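See structure below.
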Amino acid sequence: MADQEEEQDNTGDQNHKPQDLPQVLILKPPPVLSVIGEESFLSNKYQFLKAWESPLPLHQFLTAHAGSIQAILCSGASPVTDDLLQLLPSVRLVVTASAGTNHIDLEACHRRGISVTNAGNVFSDDGADAAVGLLIDVLRKITASDRYVRQGLWVSEGDYPLGSKFQLRGKRVGIVGLGGIGLEIAKRLEALGCNVLYTSRKKKTFLSYPFYSDVCQLAAHSDALIICCALTDQTRHMIDKDVFSALGKEGVIVNVGRGAIVDEKEMVRCLVHGEIAGAGLDVFENEPDVPKELFELDNVVLSPHRAVFTPESFMALCELVVGNLEAFFSNKPLLSPVMDV
């Protein structure tokens with residue numbers, strides 16, 4: 001009998017006309033949508049309303065559809081602000097195609113009873129691989145030595161210098177933010193013979209890694225810092241002059257979190273003047289603009305905010321986004337809630 005009812009429900013879904021389906025607003029296509037294609041995100045539970053395709057000014061477009069938009073699919077390029085939500089009184093869900101939520105006004109969502117979901121742990125493995133890769137690259141100067149060979153300098157200048165201080169085993173690596181990505185980074189570093197330390201919002205009682213509640217203290221006891229926490233009002237420019245000073249001249253910083261967690265101007269100054277030993281950076285404060293001073297430094301490795309983006313992670317993200325939207329419109333529990341109401 002239950003199977004019969006389920007079959008009837010599915011038949012009813014299939015008979016929905018597009019104009020009858022609840023609308024999900026997309027202000028700008030998230031990277032995952034552009035790469036995989038809209039077809040993978042389609043469902044008989046909802047339809048997309050694509051603001052960027054409308055000839056109308058955005059405010060006019062949103063006003064025209066204000067009563068029918070029940071959910072928003074967004075990414076870092078399309079912030080969900082208090083002003084935007086004021087125009088959309090029927091919205092009850094915001095789905096972001098990213099792990100971070102700094103582009104969403106969570107307080108405004110909470111005040112309006114709007115649930116929020118993110119990418120959960122979809123990006124954890126790829127983000128951890130990239131972070132450890134950047135650390136190894138900086139310490140072993142892989143990218144710099146690659147350029148040395150390509151430019152013919154091996155022939156004209158002789159062997160490229162790699163001192164013993166660049167070895168990874170035995171390094172004390174401080175992780176800033178021991179969430180999904182941070183935990184995966186810790187596992188990889190431990191396997192490579194590193195000593196893992198960390199700071200996080202709360203001490204993880206199930207872990208034996210040394211915990212520091214203060215990021216300066218963590219830096220003082222670390223040879224390298226890996227930043228993978230969320231960007232919030234509390235973490236903005238958290239990695240500042242004092243942290244760099246505590247890290248010291250032999251210290252390395254890797255950032256796969258968000259650019260603004262680091263005081264970028266101070267970091268550039270420290271790198272240029274040799275006050276820290278190097279940096280591996282996937283994120284920047286004013287993307288896609290990158291401080292030009294970094295281009296000339298062989299102790300800096302740069303990546304265009306692609307640490308977590310792989311075909312595998314995008315497919316998993318697609319399934320999660322669709323799963324969250326279908327769960328919402330079926331009155332079922334959300335799969336990766338950041339804030340549920």
Side-chain angles (χ1 to χ4, degrees), residues 30-36 74-77 96-103 118-144 146 168 171 173-192 194 196 198 200 224-232 235-236 238-239 252-262 264 267 271 278-291 294-295 297 299-318 320-321 336:
V32 63
L33 191 74
S34 301
V35 172
I36 293 181
C74 68
S75 64
T96 180
S98 64
T101 57
N102 54 289
H103 54 289
N118 70 346
N121 288 322
V122 161
F123 293 134
S124 295
D125 282 329
D126 291 312
D129 288 345
V132 174
L134 284 169
L135 178 62
I136 293 173
D137 195 338
V138 175
L139 292 176
R140 295 301 307 272
K141 294 187 176 289
I142 295 171
T143 301
D146 173 83
L168 189 61
K171 282 286 187 287
V173 183
I175 300 176
V176 181
L178 210 64
I181 293 177
L183 282 169
E184 292 300 323
I185 291 172
K187 292 177 186 177
R188 287 156 174 75
L189 291 174
E190 205 170 13
L192 291 168
C194 296
V196 176
Y198 76 100
S200 198
L225 283 183
I226 298 182
I227 316 302
C228 52
C229 62
L231 174 61
T232 66
T235 63
R236 184 176 296 275
M238 176 174 65
I239 309 302
V252 167
I253 186 165
V254 171
N255 191 2
V256 293
R258 288 291 185 270
I261 297 170
V262 175
E264 192 168 82
M267 178 187 66
L271 286 164
L281 308 170
D282 180 61
V283 288
F284 306 89
E285 194 158 0
N286 299 296
E287 296 175 0
D289 295 327
V290 176
L294 299 180
F295 298 165
L297 301 176
N299 59 341
V300 176
V301 179
L302 307 173
S303 172
H305 201 152
R306 283 297 181 267
V308 300
F309 291 166
T310 65
E312 293 81 6
S313 68
F314 268 4
M315 287 306 301
L317 178 60
C318 172
L320 184 63
V321 166
S336 57

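Predicted, not measured: the structure shown is a model, and the values here were computed from it.
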Are [X] and [Y] close enough that some pair of their side-chain heavy atoms sits under 4.5 Å apart?
| X | Y | result |
| --- | --- | --- |
| Val262 | Glu285 | no |
| Asp146 | Ile142 | no |
| Val138 | Asn299 | no |
| Leu189 | Ile175 | yes |
| Val173 | Leu135 | yes |
| Ile261 | Val176 | no |
| Met267 | Pro291 | no |
| Ser75 | Pro31 | yes |

Minimum heavy-atom separation for [X] to [Y], with atom names?
| X | Y | answer |
| --- | --- | --- |
| Phe314 | Ile36 | O-CD1, 3.2 Å |
| Ser98 | His103 | OG-CE1, 3.2 Å |
| Gly180 | Ser124 | C-OG, 3.4 Å |
| Leu317 | Val122 | N-CG1, 3.8 Å |
| Asn118 | Ala99 | ND2-O, 2.9 Å |
| Leu320 | Ala119 | CD2-O, 3.3 Å |

For the pair Asp282 and Leu134, evaluate side-chain contact (heavy atoms from CB on, under 4.5 Å) and give the outcome as yes or no after the intermediate values.
-> CA-CA 8 Å; Asp282 180 61; Leu134 284 169; 4.2 Å; yes
With rounding to the nearest 0.5 Å, note down the distance linking [atom1] in [X] to [atom2] in [Y].
| X | Y | atom1 | atom2 | result |
| --- | --- | --- | --- | --- |
| Leu183 | Arg188 | CG | CZ | 11.0 Å |
| Leu178 | Glu184 | CG | CD | 10.0 Å |
| Leu231 | Met238 | CG | CE | 9.5 Å |
| Thr310 | Asp126 | OG1 | CG | 3.5 Å |
| Ile239 | Ile227 | CD1 | CD1 | 4.0 Å |
| Ile185 | Ile226 | CD1 | CD1 | 5.0 Å |

Residues Thr235, Arg258; criterion side-chain contact (heavy atoms from CB on, under 4.5 Å); working and verdict | CA-CA 10 Å; Thr235 63; Arg258 288 291 185 270; over 6 Å; no
For Asp137 and Thr143, does a side-chain donor sit closer than 3.5 Å to a side-chain acceptor?
-> yes
Are any of the side-chain nitrogens in Asp125 or Lys187 under 4.0 Å away from the carboxylate oxygens of its partner?
-> no
Under the 3.5 angstrom rule, does the side chain of Ser313 hit a backbone N or O of Val308 as a donor-acceptor pair?
-> yes
Knowing that exactly one of Ile181, Asn255, Val254 qualifies, which makes a side chain to side chain contact (heavy atoms under 4.5 Å, CB included) with Cys228?
->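 Looking at Ile181, Asn255, Val254, the match for Cys228 under the side chain to side chain contact (heavy atoms under 4.5 Å, CB included) is Ile181.
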